[in-house]
**Q** 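What follows is a structure written as structure tokens; I'll ask about it next.
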Amino acid sequence: MNSEEKQIRQDLLSSFNLDPQCIPQHIAIIMDGNGRWAENRGENRIFGHLNGVESVRSVVETAVQSGVRYLTLYAFSTENWNRPKDEVEALMDLLVTTLVQEMDDLNKKGVRLNTIGDLSALPDNCNNQLKSACSKEVGEVRLDLILALNYSAKWEIIQAVKGVVRNNLKIEEINTDTFESFLQTKGIPDPELMIRTSGEHRISNFMLWQLAYAEFHFTSVLWPDFRKEHFLTAIQDFQNRERRFGGLLQTNDK
Ligand code: FPP
């Protein structure tokens, strides 16, 4: 990080009174409310997804600037296939277009792309574009951006159980560490903060294992309206929580 980037981080964090030592390493987001945002404007749901891309851009940029190391975005769940065909197609197209337009610039900014979920069920062009975007070399990695695509936590856990069986693990070899090595998030630290937009208070089959000790921040802001200030407010909320992990005292005191 050069001195200009350090100054940008310092200014950003101090403007929200954030402790630089207590920035969550990993933030996971359920981006919700695109459809309602569009319907509120008399538009079709796809218009909401299109506008949601601007929020993705803003959040990724703010995550890099504020020192978050991993950002997971729930972009398409296994249940989302039940939406109308034109909406599913529009979401896939949007993903491809965004990757093509943004990836070079993101790589230059130190953003490395990863995915979790079953990509094999995605359309070929989408799958190929994702593979190519994920394989791009990034100099100094500042942020791992993880897109959850055709993902559901129950599917992931069942995949992991199958991995355990396939590898003939003995009962006494099965523990948290070995089990996690079969999850899609192998090698990635668990999110400390989960944000869900649009006023819904549930986790919808998202990272059930990994969110075991995460702090949850729910906001009524619809995803296409979600920007830098909402992201930093969520971190502020996180920093004001007392995290005990089942024990007695571990605070995020500033
Ligand atoms: C949930 O809103 C949102 C989605 C299912 C898709 C999220 C996709 C994007 C933000 C755009 C593309 C993403 C990337 C990473 C380029 P909803 O449709 O369920 O809204 P509703 O609850 O109001 O109906």
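Hydrogens, waters and symmetry mates are skipped; everything else that's a heavy atom, side chains included, is used. Since the structure is predicted, the reported quantities are computational estimates derived from the model, not experimental observations. In listed order, ligands and their atoms are each counted from 1.
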**Q** If you take all heavy atoms of Ala38 and Gly48, which pair is closest and at what distance?
**A** CB-N, 3.5 Å

**Q** Would you check if there is a donor-acceptor pair between the side chains of Glu156 and Gln210 at a distance under 3.5 Å?
**A** yes

**Q** Can you list the ligand 1 atoms lying under 4.0 Å from a non-hydrogen atom of Ala75?
**A** 6 (C), 7 (C)

**Q** Return yes or no for this condition: an N or O of Leu147 is under 3.5 Å from an N or O of ligand 1.
**A** no

**Q** Are any of the N or O atoms of Trp223 closer than 3.5 Å to those of ligand 1?
**A** no

**Q** Kindly determine whether Arg227 and Ser55 satisfy side-chain hydrogen bond (donor to acceptor under 3.5 Å, both in side chains), including the steps that lead there.
**A** CA-CA 6 Å; Arg227 289 291 182 278; Ser55 307; 2.9 Å; yes

**Q** My understanding is that only one of Asn51, Asp32, Thr197, Asp225 makes a side chain to side chain donor-acceptor pair (under 3.5 Å) with Trp37; could you say which?
**A**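 Looking at Asn51, Asp32, Thr197, Asp225, the match for Trp37 under the side chain to side chain donor-acceptor pair (under 3.5 Å) is Asp225.
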
**Q** Start with the C-alpha gap between Arg57 and Glu102, add the side-chain angles, then the distance that decides, and say whether salt bridge (charged side-chain N to carboxylate O under 4.0 Å, His left out) holds.
**A** CA-CA 9 Å; Arg57 205 174 280 125; Glu102 309 280 336; 2.6 Å; yes

**Q** Can you report which non-hydrogen protein atom sits closest to atom 1 (C) of ligand 1, along with the distance?
**A**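 Checked against all protein heavy atoms, atom 1 (C) of ligand 1 sits closest to Met31 O, 3.1 Å.
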
**Q** Taking C-beta and beyond as the side chain, do Gln184 and Thr115 meet within less than 4.5 Å on heavy atoms?
**A**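 The answer is no, as the side chains (C-beta and beyond) never meet within the 4.5 Å cut-off.
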
**Q** Between Arg83 and ligand 1, find which residue part has any heavy-atom pair under 4.0 Å and reply side chain, backbone, both or neither.
**A**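 Side chain only; the backbone of Arg83 stays clear of ligand 1.
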
**Q** Which residue holds the protein heavy atom closest to atom 9 (C) of ligand 1, what is that atom called, and what is the gap in Å?
**A**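 Answer, as residue, atom name and distance: Asn34 ND2, 3.8 Å.
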
**Q** Any nitrogen or oxygen of Asp32, main chain or side chain, under 3.5 Å from a nitrogen or oxygen of ligand 1?
**A**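 Yes, at least one N or O pair falls under 3.5 Å.
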
**Q** With only distance considered, is Arg45 within less than 3.5 Å of ligand 1 through an N or O on each side?
**A**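 Yes; at least one N/O pair falls below 3.5 Å.
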
**Q** Check ligand 1 against Arg36 and write out every atom of the ligand that is under 4.0 Å from a heavy-atom position of the residue.
**A** 21 (P), 22 (O), 23 (O)

**Q** From Ile46 CD1 over to Arg83 CZ, what is the distance, rounded to the nearest 0.5 angstrom?
**A**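 Rounded to the nearest 0.5 Å, the CD1-CZ separation comes out at 11.0 Å.
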
**Q** What is the nearest protein non-hydrogen atom to atom 5 (C) of ligand 1, stated with its residue, atom name and distance?
**A** Asn80 OD1, 3.7 Å

**Q** Quick check: Tyr74 and ligand 1, any N/O pair under 3.5 Å apart?
**A** no

**Q** In this structure, which one of Asp144, Thr72, Thr185 forms a side chain to side chain donor-acceptor pair (under 3.5 Å) with His26?
**A**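 Filter result, single survivor: Thr72.
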
